[in-house]
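Every chain is numbered from 1 and lettered A, B, ... according to where its sequence line falls, protein lines coming before strand lines. Note: hydrogens, waters and symmetry copies are ignored here, and every other heavy atom, side chains too, is used.
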There are 2 protein chains.
Amino acid sequence: MTVIFSKKCEYGMQAVLYLAANNKDTTKSSDQISRALKIPKEFISKILQSLRNSGLIFSTKGKSGGFGLAKDPSQIKLIDIVQAIDGLEMFNSCVLGFPECSPDTPCPVHDSWGALRTKAFEMLSTETLDQLKDKTLTKIKTLQQE
Amino acid sequence: MTVIFSKKCEYGMQAVLYLAANNKDTTKSSDQISRALKIPKEFISKILQSLRNSGLIFSTKGKSGGFGLAKDPSQIKLIDIVQAIDGLEMFNSCVLGFPECSPDTPCPVHDSWGALRTKAFEMLSTETLDQLKDKTLTKIKTLQQE
DNA sequence: TTTTAATCAGACAATTTTATCTGATTATAT
DNA sequence: ATATAATCAGATAAAATTGTCTGATTAAAA
Ligand code: SF4
Ligand code: SF4
């Protein structure tokens with residue numbers, strides 16, 4: 001069972017948070033990101049490539065190349081990453097898996113689940129990455145200690 | 001991307017809701033359930049078997065056999081099905097996929113996500129299946145019309 | 001200019017999830 | 001008794017997700 005988002009999306013959010021938490025104008029190599037977040041190097045590399053294609057991050061090739069944010073952290077929200085990787089479909093679908101999710105044909109938990117999806121969307125779309133910076137740094141620090 | 005629960009779990013919830021919405025003491029064959037919910041017959045059959053092993057439903061073999069609830073609908077909640085199939089792990093894990101999910105090492109969306117998980121748990125554990133019966137019947141009816 | 005260290009692209013492999021098949025067993029109805 | 005219609009169990013297949021490998025390209029540094 002996945003918790004709402006795919007591994008790709010989870011890793012993507014982690015990596016972009018990581019980039020946002022580091023000094024601007026300095027890139028991080030996929031190897032650094034891999035070690036910091038304990039994500040398989042080649043896998044995060046692929047994910048970062050696709051995020052680059054979406055325009056969320058940029059990359060520089062060659063020696064001392066790497067990845068960095070394409071915009072200022074204050075211009076990016078977690079929902080942007082979700083949209084780029086998993087899409088926004090989940091915010092329009094039913095927790096019980098019924099097709100045709102709409103108020104006209106409510107599923108048995110329609111009201112509660114509708115409210116929840118809204119809350120989840122807000123969670124990902126209100127705060128910007130710079131606002132999440134401190135907590136991100138704390139979290140990453142604990143990852144290293146294992 | 002899955003929306004919180006696996007297909008198995010979604011189908012399981014649908015099927016048990018379906019059983020709860022039908023007359024008590026009458027069983028439904030996997031074929032009936034399959035057609036009513038538009039779920040592959042062999043697949044829902046497997047899922048029902050495992051729910052039978054969990055003691056949530058019962059089955060009778062042979063001609064005119066089928067599946068029925070092991071308890072009264074007023075004694076079953078959706079969370080019971082989730083627990084039997086996907087487990088309750090998601091209610092203790094991080095939406096960003098960080099390991100070591102705990103208040104000591106909060107992820108950047110700790111507070112909002114914690115509240116959300118609680119809400120989701122409540123959604124699945126407050127109402128009993130008989131309370132969801134009417135909405136279930138409406139939803140299933142619309143499935144037939146396609 | 002050569003070595004080195006990085007991204008990039010695409011193929012490939014492993015794993016997990018989802019779905020199907022087959023044959024045995026069971027019980028009802030003819 | 002026999003045919004029928006269902007569950008059951010286990011193997012298998014297909015699809016999706018997750019993860020790895022290889023070789024080409026790029027650019028910095030020696
Ligand atoms: S409650 Fe209604 S709108 Fe919400 S997920 Fe279920 S069917 Fe869709
Ligand atoms: S917010 Fe904290 S407790 Fe909640 S999921 Fe993230 S790490 Fe876990």
Side-chain angles (χ1 to χ4, degrees), chain A residues 1-15 19 25-70 82 85-87 89-90 97 99, chain B residues 1-16 19 26-70 82 85-87 89-90 97 99:
Chain A
M1 169 191 57
T2 66
V3 178
I4 299 190
F5 300 118
S6 67
K7 276 262 172 282
K8 269 184 192 170
C9 193
E10 287 180 355
Y11 289 160
M13 289 192 283
Q14 291 184 21
L19 291 177
D25 301 324
T26 71
T27 63
K28 291 280 177 182
S29 72
S30 53
D31 195 60
Q32 284 178 298
I33 299 170
S34 163
R35 273 184 286 108
L37 301 173
K38 312 227 168 144
I39 300 171
K41 182 184 165 182
E42 313 291 344
F43 197 33
I44 194 60
S45 181
K46 271 271 168 270
I47 296 165
L48 290 167
Q49 275 173 43
S50 86
L51 285 175
R52 182 192 135 277
N53 293 334
S54 311
L56 246 139
I57 63 181
F58 74 92
S59 69
T60 56
K61 286 187 178 183
K63 187 160 179 173
S64 79
F67 298 91
L69 295 190
V82 170
I85 300 181
D86 273 352
E89 188 201 346
M90 82 139 278
Chain B
M1 171 191 56
T2 66
V3 177
I4 298 192
F5 300 118
S6 68
K7 276 260 172 283
K8 268 184 192 170
C9 193
E10 287 180 356
Y11 288 161
M13 290 191 282
Q14 291 183 23
V16 176
L19 291 178
T26 70
T27 63
K28 291 280 177 182
S29 72
S30 53
D31 195 61
Q32 284 178 297
I33 298 170
S34 162
R35 273 184 285 109
L37 301 173
K38 311 224 168 144
I39 300 171
K41 182 184 166 184
E42 313 290 345
F43 196 35
I44 194 59
S45 181
K46 271 270 167 274
I47 295 166
L48 290 167
Q49 276 172 41
S50 85
L51 286 175
R52 182 192 134 278
N53 292 336
S54 312
L56 246 138
I57 62 180
F58 74 93
S59 69
T60 56
K61 286 187 177 182
K63 186 161 181 174
S64 80
F67 297 91
L69 294 190
V82 170
I85 299 181
D86 273 353
E89 189 202 345
M90 83 138 277

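- Spacing between atom CZ of B/Phe67 and atom P of C/dA27 amounts to 15 Å, rounded to whole angstrom units.
- In the set D/dT18, D/dT7, D/dT20, the nucleotide with an atom closest to the side chain of B/Lys61 is D/dT7.
- Side chain A/Lys46 to base C/dG10: a donor-acceptor pair is found below 3.5 Å.
- Taking 4.5 Å as the limit, some side-chain heavy atom of B/Ile57 sits within range of a side-chain heavy atom of B/Leu48.
- For B/Asp86 and C/dT16, the CG to P distance is 15 Å, given to the nearest whole Å.
- Taking the side chain as every heavy atom from C-beta outward, B/Ile33 and B/Ile39 never approach each other to under 4.5 Å.
- In this entry the distance linking CD of A/Glu42 with P of C/dG10 reads 16 Å, nearest Å.
- For B/Phe67 and B/Phe58, the ring centers sit 6.0 Å or farther from each other.
- Taking atom NZ of B/Lys41 as the reference point, atom C1' of D/dA6 lies 8 Å away to the nearest angstrom.
- Contact between the side-chain N/O atoms of A/Arg52 and the OP1/OP2 oxygens of C/dT7 is not found at any separation under 4.0 Å.
- Within 4.0 Å (heavy atoms only), A/Phe58 reaches no atom of the nucleic acid at all.
- Atom P of nucleotide D/dG10 and atom CD1 of B/Ile47 are separated by 18 Å, given to the nearest angstrom.
- No side-chain donor-acceptor contact under 3.5 Å links B/Ser59 to the backbone of B/Gly66.
- The distance from atom CD of B/Gln49 to atom P of C/dT18 is 17 Å, rounded to the nearest whole Å.
- Under 4.0 angstrom from either OP1 or OP2 of C/dT7 there lies at least one side-chain N or O belonging to A/Ser30.
- The CD1-P distance, from B/Ile44 to D/dA6, rounds to 16 Å in whole Å.
- Contacts of B/Lys8 with the nucleic acid, taken as non-hydrogen atoms under 4.0 Å apart, include base atoms.
- Side-chain N or O atoms of B/Asp31 include none that pairs as donor or acceptor with a backbone N or O of B/Lys41 at under 3.5 Å.
- A/Gly65 comes within 4.0 angstrom of sugar-phosphate atoms only, judged by non-hydrogen atoms across all strands, and of no base.
- Here D/dA28 is the nucleotide among D/dA28, C/dT20, D/dC8 with the atom lying nearest to any side-chain atom of A/Ser64.
- The residue B/Ser45 sits apart from the nucleic acid: no heavy atom pair falls under 4.0 Å.
- Put simply, NZ on A/Lys63 is 18 Å from P on C/dT1, counting in whole angstrom units.
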